[in-house]
Novice: 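One structure coming up, written as structure tokens, with questions to follow.
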Amino acid sequence: MSQIFGIVGVFDRPEAVTDAAKHLRSLGFRAMDAYTPYPVEGLDQLLRPQRRMMLPLVMFAAAVAGAAWGYFIQTWDEVLNYPINVGGRPHNSWPAFIVGTFEFMLLVTIAAGLFGFLASCRLPRLYHPIFNADAFGRASVDRFVLCVEARDPSFEVEHLRRIFERFGAERVAEVPA
Amino acid sequence: MTVLIDLPREAPVVGPGVTLRSLSEEVSNRVLLPNTPRWWWIGFALGMALLLTFVVQLIWLFINGVGIWGINIPVAWGFAIAEYVWWIALASGGTIVSALFFLTRSPWRSATNRIAETMLLSAAPCAGLLPIMHLGRQGLFYWLFPYSSVMGVWPQVRSPLWWDFVCLLCYILMSIMYYYTGLLPDLATVRDLARTRWKQVFYGVLALGWHGSARHWRNQQTVYAVMSAIMAPMVISVHSVVGLDFAGGITPGWHSTQFPPYFFFGAVISGTALIMMLTILVRWGYGLEDVLTGYHLNALAKVMLVGSVMLGYAYVWEAWGPIYGSDVAERTQFFYRIFGFYAACYWGKIVLNIVIPQLLWLPIVRRSEVLLFSISAGIIVGMWLERFVIVIPSLSHGYMPSYWGVFFPTFWDWAALAGTIGLFLSLFFLLLKLVPIVSMSEVREIVAKERSR
Amino acid sequence: MNTALVLSALLFLVLLLSVWVVPVMGYNTQQRYQPEQPVPFSHKHHVAGLGLDCRYCHTSVETSSFAGIPPTETCMTCHSQIWTHAAVLEPVRQSFATGVPLRWTEVYRLPDYVYFNHSIHIAKGIGCTECHGPIGDMALTWKWPTLYMSWCLSCHRDPAPHLRPLNQVFNPFWKRTPDTPSGKLLMAAYHIHPETLSDCGVCHR
Amino acid sequence: MSIAHRDYWRSLEELAESPGFAQLVEREAPRFRDMLGPLDRRNFLRLMAAAMALGGLSDCGPEAEPRQLLPYVEQPPGIVPGQARYYATATTRSGFATGVLIEHRMARPVKVEGNPDHPASLGAASAIMQASILELYDPRRAQTILGQGQIDSWEHLITALFDRREQLLARGGAGLRLLTGAVTSPSLRAQIALLQQQFPAMRWHQWEPLGRGNERIASERMLGRPLDRRFDLDNADIIFAIESDLISNVPGWLAYARQFAAHRRPDETGGKMSRIYAIESTPTLIGAKADHRLALGPADLAAAMRYLAAITGAGPQDWQQTPVADAAWLRAAADDLNQHKGRVLVHAGREQPVEIHLLADAINNALGAFGQTIRLIEPVAPSGSTDQSLEALVGDMTAGRVDTLVMLETNPVYDAPADLDFTAALNRVPLSVSLALYADETAMASTWLVPATQEYEAWGDARAFDGTITIQQPQVRRLYNGHSPHELLAVLHGNTLPIDYQLVRDFWQNETHQRGIGDFDRFWHEALRIGIVENSAAPTVTATPNASALTSLQAAEKPVPGVQLLFREDPLVGGGRDVNNPWLLETPRPFTRLTWDNAALIAPATAKRLGLGIGDVLEIADHGRKVRAPVFVLPGQAADCITLPLGFGHTAGGLGADIGFDAYRLRTSAAPWITRGATLSRTGETYRLATVQGHDRVAGRDLVREGTLTEYQDNPDFLRRPETDQSLYPEYKYPRYAWAMAIDLNSCIGCQSCVVACQAENNIPTVGKDMVLQERIMHWLRIDRYYHGPVDNPAVAFEPVPCMHCEQAPCEVVCPVHATVHDHDGLNLMVYNRCIGTRFCSNNCPYKVRRFNYFGFAERDDRPPESWNPEVTVRNRGVMEKCTYCIQRIRHAEIEADKQDRLVPDGAIQTACQQSCPTQAIIFGNRNDRDSGVARRKASLLDYTLLDELNTRPRTSYAALIRNPNPKIGDREA
């Protein structure tokens with residue numbers, strides 16, 4: 001038969017997906033992913049137990065960098081580059097620099113957050129083979145889709161079809177690559 | 001509009017009939033279906049009409065300069081600044097609801113936060129434009145950016161105005177990013193439900209290929225949580241800094257340490273009030289009664305009530321300071337404020353912001369859309385008066401009696417006000433048409449919870 | 001490579017370019033600006049060639065803010081004797097005969113809100129070439145510096161390297177030699193207080 | 001400018017005709033032109049920038065279109081491009097000269113300064129003198145000869161005059177009349193005398209609407225013949241001022257003001273102070289400075305004077321019996337006067353009736369003032385006999401006895417007494433020639449209008465109050481082809497090609513010849529150089545006062561009920577002579593703070609009684625002549641007296657036309673200064689008066705510190721506050737210069753000279769009445785006028801307020817772009833080109849000294865470009881501006897000093913306000929220099945700063961106001 005990306009089972013309850021995924025992992029399946037209309041508690045840990053979350057750390061680093069940058073810009077401006085007597089205030093009026101520092105910090109953090117988030121999701125990526133699954137259209141509405149990809153060593157269509165049906169998948173379909 | 005919403009003791013967050021599908025379609029169809037309700041056209045037309053006056057006002061302003069307004073010496077700041085503060089307060093209200101109450105995990109926030117953020121994104125440009133318009137040489141506003149110019153001169157970062165500029169800039173950028181992060185999954189839903197080609201492409205591109213995989217969700221959840229944790233202090237800082245614009249000066253009536261919280265309280269009440277109005281509008285207009293339930297209105301009303309009480313506290317201090325203090329200028333200034341030329345504005349703000357909202361103690365009031373709508377409207381006017389009272393009377397009665405003066409708004413002052421309102425309405429109605437106005441992904445969770453109960 | 005990261009990198013690059021590269025592009029700096037003049041007067045010929053002193057024509061450079069553009073009669077002091085029929089000098093003779101001034105086009109144009117004073121720079125040992133570049137070798141006068149404020153400041157913040165002995169101020173070919181006194185010394189000798197030189201009010205009134 | 005944008009808002013049809021429109025087009029055209037110019041890419045971008053109102057963008061970035069440099073063909077000797085030169089000359093008002101130095105930049109007159117060598121100036125320059133430079137450039141001046149209202153030529157005029165001259169010669173000049181104002185010019189008098197010889201039957205009339213006739217008559221009766229007085233205030237311990245204009249208007253008042261102030265500074269006189277008593281019907285400057293003041297209506301005033309005369313032994317003792325108000329006050333004053341015999345001066349203003357002048361002189365005589373505080377000289381401007389009066393002229397004109405009338409720079413159609421009806425009379429004169437600066441009422445009504453030269457355009461000469469002669473030299477080639485009076489008279493002499501230079505020079509050649517001065521050229525050049533003819537002052541003469549002069553007085557007239565109208569000169573428009581000058585129109589009047597208008601001044605009590613408020617329009621009718629005037633309620637005005645300022649309400653001329661109301665229309669030759677029995681009626685209309693002061697009192701702030709001399713002597717630091725200037729911030733050091741200013745409230749007489757001087761020096765635009773009403777006046781320096789005490793006779797304090805140049809300036813901290821910062825001399829700089837116009841600095845300035853260009857006021861200003869001061873940036877729209885301590889002068893001095901490697905010596909820098917101040921109230925200098933004038937002033941215990949509780953550390957400080965009241969008179973305000 002022709003190239004396929006994988007096989008999907010469509011469920012109408014999040015619990016079903018979770019159970020199915022748990023079972024498949026126990027059978028040794030690794031290359032699989034679940035597509036749900038809203039975040040399902042613990043699904044990701046279930047699919048990739050070893051993966052750790054880097055984003056918060058990235059954002060924290062960004063915060064530090066942003067703060068440093070913000071304060072430096074202001075010191076450069078008022079102290080190093082062109083020190084001027086402004087209303088008799090000292091050149092390095094650090095209390096006055098705090099606001100700027102704070103805002104720069106937050107801006108950089110959020111920006112890092114957004115871009116980091118997209119990066120870690122491999123977005124933007126306008127095409128993904130899973131879109132070819134005709135059932136996928138409802139994965140963003142009210143269905144829970146579990147997909148085992150063809151690249152999994154122990155990938156075998158009929159076997160998986162049976163497992164999905166056992167866990168109550170209302171539809172099982174192959175996804176063309 | 002129902003006259004009285006029945007509100008059982010433990011009201012459901014979402015109506016009983018709501019299923020995942022009905023929810024998605026109900027919300028998405030507002031964006032997808034070609035037929036647009038008449039009330040949208042009316043609202044949008046009104047917005048565009050006012051926007052036109054804004055454009056005319058801008059052209060006249062650029063040709064003649066800020067002299068076309070009523071401002072003078074001593075009152076060098078007029079409507080432009082008062083309204084800037086007003087708009088930024090309304091905008092921050094949006095963030096307060098969406099970020100602050102996300103952290104408190106308040107369930108009612110899920111359905112309203114998109115309205116709140118849409119409102120924020122439509123109000124922020126108004127807030128952003130006014131300070132630039134009010135410059136004597138608008139074209140040179142970019143001198144506020146900290147960049148190395150060929151003049152070798154940089155901004156003066158001790159100035160509260162500069163803080164304010166930075167805050168506003170960061171705030172707008174951050175709000176957009178925050179908004180987008182939350183919006184992404186819903187864009188995907190719309191993309192998947194879209195039937196016409198160009199809509200599929202349009203939302204396909206906006207959705208950046210989101211496919212709700214387990215990993216996507218986890219990242220999105222984490223980031224969104226952290227972002228909220230950042231936006232909350234951000235919004236507080238924004239309005240505190242706006243307060244510092246005034247507290248940073250030594251002008252009697254401005255030089256007050258309570259301004260930062262004072263202004264934040266103002267933001268809470270006025271922002272919530274506007275969200276209330278818009279929620280009622282959307283609820284009624286889009287027939288989303290079972291998604292935006294009485295539960296939400298009730299919650300918003302309580303927030304408004306709290307805001308009003310906090311604001312009342314600030315007003316008391318505003319009066320107590322000068323009376324108890326020993327500063328002649330402060331005292332004359334305050335008495336001028338309450339008995340002088342602009343007294344009406346002062347008492348107006350007291351009534352609209354403090355007295356009337358006390359009605360919200362009564363559950364029956366919190367259940368009547370009409371009353372909620374009109375009280376909110378009153379608060380928004382009241383907040384405008386408050387900004388006016390803070391900016392103008394303070395300047396007109398400064399330290400030098402020989403230079404006391406008054407400010408009369410000219411036609412163009414009013415045009416600027418109408419214009420910014422127009423800008424807001426146009427943007428809001430546009431977004432109403434383009435983005436799902438209720439956060440589907442979040443409400444789905446609630447629906448799921450309700451169902452599993 | 002990851003699209004998100006690429007996009008953000010590009011955004012940054014654009015910002016940097018617009019701030020640091022665009023302003024120093026020739027179109028903006030207007031360096032080497034060399035307008036048409038009624039008479040193709042050559043500093044190279046008169047200064048490098050004949051060795052005229054700057055002050056022979058720019059008489060008020062030591063006493064006034066304005067260096068002075070020579071009146072037609074100054075040209076005629078020589079050109080009534082030599083090159084009396086040169087075609088290029090026709091406008092000069094015309095002007096002298098009719099009493100109608102020559103119309104030179106300004107090469108170094110400062111905005112009206114900048115008050116530059118030649119005499120004090122001369123008095124403090126700033127040579128002509130510090131601002132006018134290789135004027136002695138210019139066949140037709142052209143604009144040497146950017147005249148950006150940052151350019152003025154570069155010297156007003158740190159004058160020492162630009163100072164020279166007073167007797168060399170008008171020497172367009174002067175080079176610092178090992179035995180010229182150091183900038184520090186000269187600064188002390190001329191009582192220059194560099195910290196005050198970057199006050200805004202020094203140039204803007 | 002003002003006119004232009006006043007018309008701007010009218011209906012289009014009207015707009016199209018209005019002169020303002022022409023100016024508008026004139027002004028706007030260049031803008032459009034460079035828009036329509038060749039649109040190369042760069043211009044196009046700049047144009048877009050302009051269209052988007054990105055004003056200022058076009059200032060930076062790529063160069064604007066190339067500029068051209070035009071060198072001289074032959075450089076005049078001594079002219080150094082970029083350096084200022086000064087030439088001496090004089091300005092005259094009603095004939096009397098005040099010496100001035102005119103600053104030239106690139107051979108263009110840009111600024112008027114007082115001539116320190118001239119006795120009438122001593123270096124000071126009044127507001128009117130300062131503004132005269134604008135008159136020179138005024139594009140609204142008459143520019144073409146009009147014959148029968150048609151544009152005509154000088155040649156035609158000459159032929160016309162020659163034809164007439166033939167006939168006149170035939171009849172010995174019968175029917176030829178000459179009308180001038182007061183003439184002090186020796187050369188002009190000589191010309192007139194010559195004319196008199198040619199035409200024996202000719203008659204020369206003189207008319208000064210605000211003349212000092214009463215004073216002259218009094219001195220005729222008292223001293224036997226008309227004599228001028230000079231006052232020696234150094235000898236005057238007591239000055240008793242009867243609505244006196246001693247320091248506001250008398251010829252030579254600048255000099256008197258200086259003497260006056262010198263004795264009001266206890267720090268510098270070693271604790272001595274003169275004492276001033278003032279009784280007056282309407283506030284005067286000296287009244288404001290007085291230690292004791294009474295506001296009395298004319299009748300009470302006369303009674304008071306008789307009472308005073310009696311006590312001082314100058315008049316019959318029975319006058320003491322008639323009861324007077326404030327008897328105790330007068331008695332105390334009289335005792336004071338008696339105790340200071342020989343060191344007193346009683347001075348009555350020119351508006352006072354002959355009776356008052358006689359009484360004043362009698363008292364002066366009784367107290368031995370003559371020869372001590374009053375010196376007598378022969379009249380500087382002798383006014384002819386009664387048949388040379390205007391009345392006589394009008395009589396003859398109506399009788400048809402006049403067929404040729406030549407009027408030199410006088411405007412009787414406007415300012416002649418209403419009962420004479422000069423206009424009708426003038427219409428009966430077949431040939432009338434009017435030499436006028438503006439196409440004024442008289443000029444338009446006469447058959448010939450000849451544009452006159454402004455004083456800085458022509459040769460001439462004039463005498464000062466003490467007789468000193470100045471030869472006036474032209475400062476610039478005639479701008480609007482005017483003709484000088486000398487030239488016009490010369491035409492009558494039969495001179496077809498009159499040249500003012502020839503005429504004046506020849507006169508002086510033969511004058512010096514007669515005086516036996518050998519080297520004429522030396523004399524001529526010296527006189528021109530220093531601006532005066534050496535020792536030409538009139539010698540003092542002695543005349544024995546006639547002690548019995550008072551016997552001629554008839555019994556005191558009974559005070560009549562009802563309001564009376566007082567006709568007074570407006571302090572700034574010189575009776576109408578200067579009403580076309582925008583600077584003077586926009587300068588606030590000292591007491592009313594009123595600009596661009598005059599108003600009927602009414603006492604608060606009277607106003608209440610009549611139910612009038614500020615701005616109510618009143619119709620005043622007298623003998624069928626009506627005037628509508630807006631009311632201004634003026635504290636310190638005497639009850640039932642309405643003061644009508646003269647000089648407004650022109651119907652023709654320049655900018656001044658249609659501004660204010662014309663009080664001359666009620667003025668009769670019989671009673672030029674006061675009318676009784678006029679009827680008032682409220683019209684119900686109101687009129688917006690553009691005043692510039694927000695509030696009249698200090699409202700509890702510590703703005704004016706005031707005390708008495710005795711308090712000061714007992715406890716010198718009684719006004720000092722405990723030092724409060726601690727600061728969180730590390731001190732900035734100002735090692736070399738610390739520029740600072742000290743302003744003495746005792747010396748400031750509120751004359752507004754500094755305000756106009758500042759305007760002239762610093763290119764401050766006028767904004768027009770509508771903008772003043774919007775509180776957008778641009779003056780960098782203002783003189784606040786504060787009242788305290790009872791509203792019907794309050795104490796007045798004048799307080800000049802320039803920028804304070806605070807060392808911890810609130811304005812600087814709030815500017816987001818470094819547009820206002822400090823320099824190392826401690827100046828608070830305003831960098832216009834960096835300003836983006838947030839206006840926060842103004843909001844944060846407690847002293848409200850910052851001004852904002854809400855519109856392009858400077859570019860709307862229709863003065864010719866060459867009249868601006870090239871040393872000061874002309875600010876464009878949308879930038880803040882303020883007093884800079886005349887930084888251009890500071891920098892110039894610093895550069896000159898640096899070139900010679902020395903510090904700037906004290907006095908090398910004078911700010912414009914300081915230089916023009918007649919009383920030296922303002923002193924500027926280097927605070928670091930211990931013995932500089934400013935340091936010494938600041939060392940005084942009276943020195944204080946405004947609002948010091950804000951800890952802004954102002955560089956400008958004030959010397960507290962000290963009064964020297966008579967202990968026997970209860971202090972007016974406790």
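Letters go in sequence order (proteins before strands), and every chain restarts at 1.
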Novice: Counting heavy-atom pairs closer than 4.5 Å to chain B, which one of A/Gly70, A/Pro39, A/Ala34 comes out on top?
Specialist: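 Highest number of pairs under 4.5 Å: A/Pro39.
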Novice: Any idea which of B/Gly152, B/Gly204, B/Ala207 has the most non-hydrogen atom pairs under 4.5 angstrom with chain A?
Specialist: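 The residue among B/Gly152, B/Gly204, B/Ala207 with the greatest pair count is B/Gly152.
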Novice: Record all donor-acceptor atom pairs with a distance under 3.5 Å between chain B and chain A; write none if the list is empty.
Specialist:
from, atom 1, to, atom 2, distance (Å)
B/Val157, N, A/Glu78, OE2, 3.1
B/Arg158, NE, A/Ser93, OG, 2.6
B/Arg158, NH1, A/Glu78, OE1, 3.1
B/Arg158, NH2, A/Pro90, O, 3.0
B/Arg158, NH2, A/His91, O, 2.8
B/Trp163, NE1, A/Ala96, O, 3.1
B/Thr189, OG1, A/Ser140, O, 3.2
B/Asp192, OD2, A/Ser140, OG, 2.5
B/Leu208, O, A/Arg125, N, 3.1
B/Gly212, O, A/Thr36, N, 3.1
B/Ala214, N, A/Ala34, O, 2.9
B/His216, NE2, A/Cys121, O, 3.2
B/Trp217, NE1, A/Thr36, O, 2.8
B/Trp217, NE1, A/Thr36, OG1, 3.1
B/Arg218, NH1, A/Asp44, OD2, 3.0
B/Asn219, OD1, A/Arg51, NH2, 3.3
B/Asn219, ND2, A/Ser120, OG, 3.3
B/Ser237, OG, A/Glu103, OE2, 2.9
B/Arg444, NE, A/Val141, O, 3.3
B/Arg444, NH1, A/Pro37, O, 2.9
B/Arg444, NH2, A/Ser140, O, 2.8

Novice: Report which part of B/Pro185 has an atom under 4.5 Å of a heavy atom belonging to chain A: side chain, backbone, both, or neither.
Specialist: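 B/Pro185 has no heavy atom closer than 4.5 Å to chain A.
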Novice: Of all the heavy-atom pairs spanning B/Met177 and A/Leu107, show the shortest one and how long it is.
Specialist: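 That closest heavy-atom pairing would be CE-CD1, 4.1 Å.
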Novice: Which bit of B/Leu193 is near chain A, if near means a heavy-atom gap under 4.5 Å: side chain, backbone, both or neither?
Specialist: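 For B/Leu193, the contact with chain A is made by the side chain alone.
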Novice: Given that the side chain runs from C-beta out, which part of B/Leu23 has a heavy atom under 4.5 Å from chain A: side chain, backbone, both or neither?
Specialist: neither
Novice: Where on A/Ala111 is there a heavy atom nearer than 4.5 Å to chain B: the side chain, the backbone, both, or neither?
Specialist: both
Novice: Residues in side-chain contact (heavy atoms from CB on, under 4.5 Å) with A/Leu126, at least two apart?
Specialist: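 Result, side-chain contact (heavy atoms from CB on, under 4.5 Å) vs A/Leu126: B/Val205.
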Novice: Measure distances from A/Pro56 to the heavy atoms of chain B and classify the residue's part below 4.5 Å as side chain, backbone, both or neither.
Specialist: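 For A/Pro56, the side chain is the part near chain B, not the backbone.
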Novice: With salt bridge (Lys or Arg N to Asp or Glu O under 4.0 Å) as the rule and sequence neighbours excluded, what pairs involving residues 58-74 of chain A come up?
Specialist: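 Counting only pairs at least two positions apart or across chains, no salt bridge (Lys or Arg N to Asp or Glu O under 4.0 Å) contact touches residues 58-74 of chain A.
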Novice: Sort out for me which of A/Cys147, A/Pro14, A/Pro37 touches chain B most, counting heavy-atom pairs under 4.5 Å.
Specialist: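 Top count of heavy-atom pairs under 4.5 Å with chain B: A/Pro37.
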Novice: Which pair of heavy atoms, one from B/Gly209 and one from A/Phe131, lies closest together, and at what distance?
Specialist: O-CZ, 4.0 Å
Novice: Which atoms of B/Pro160 come close to chain A, meaning under 4.5 Å heavy atom to heavy atom: side chain ones, backbone ones, both, or neither?
Specialist: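 Neither part.
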Novice: Which heavy atom in A/Leu123 sits nearest to a heavy atom in B/Leu208, and how many Å separate them?
Specialist: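 Of all heavy-atom pairs spanning A/Leu123 and B/Leu208, the closest is CD2-O, 3.1 Å.
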Novice: Look up atom CE in B/Met174 and atom CD1 in A/Ile110, then write down how far apart they are to the nearest 0.5 Å.
Specialist: 4.0 Å
Novice: Which pair of non-hydrogen atoms, one from A/Val141 and one from B/Leu20, has the smallest distance, and what is that distance?
Specialist: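 Minimum heavy-atom contact is O-CB, 4.0 Å.
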Novice: What part of A/Leu47 gets within 4.5 angstrom of chain B, counting heavy atoms only: side chain, backbone, both, or neither?
Specialist: side chain
Novice: Using heavy-atom distances under 4.5 Å, tell me whether B/Val157 contacts chain A through its side chain, its backbone, both, or neither.
Specialist: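 Both backbone and side chain.
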Novice: Could you note down all residue pairs passing salt bridge (Lys or Arg N to Asp or Glu O under 4.0 Å) where residues 168-179 of chain B supplies at least one of them, sequence neighbours left out?
Specialist: none
Novice: With respect to chain B, which residue among A/Val17, A/Leu43, A/Leu106, A/Val40 yields the maximal number of heavy-atom pairs within a distance under 4.5 Å?
Specialist: A/Leu106
Novice: Where on A/Leu46 is there a heavy atom nearer than 4.5 Å to chain B: the side chain, the backbone, both, or neither?
Specialist: neither
Novice: Determine the option with the most heavy-atom pairs under 4.5 angstrom with chain A, choosing from B/Pro233, B/Cys167, B/Pro146.
Specialist: B/Cys167
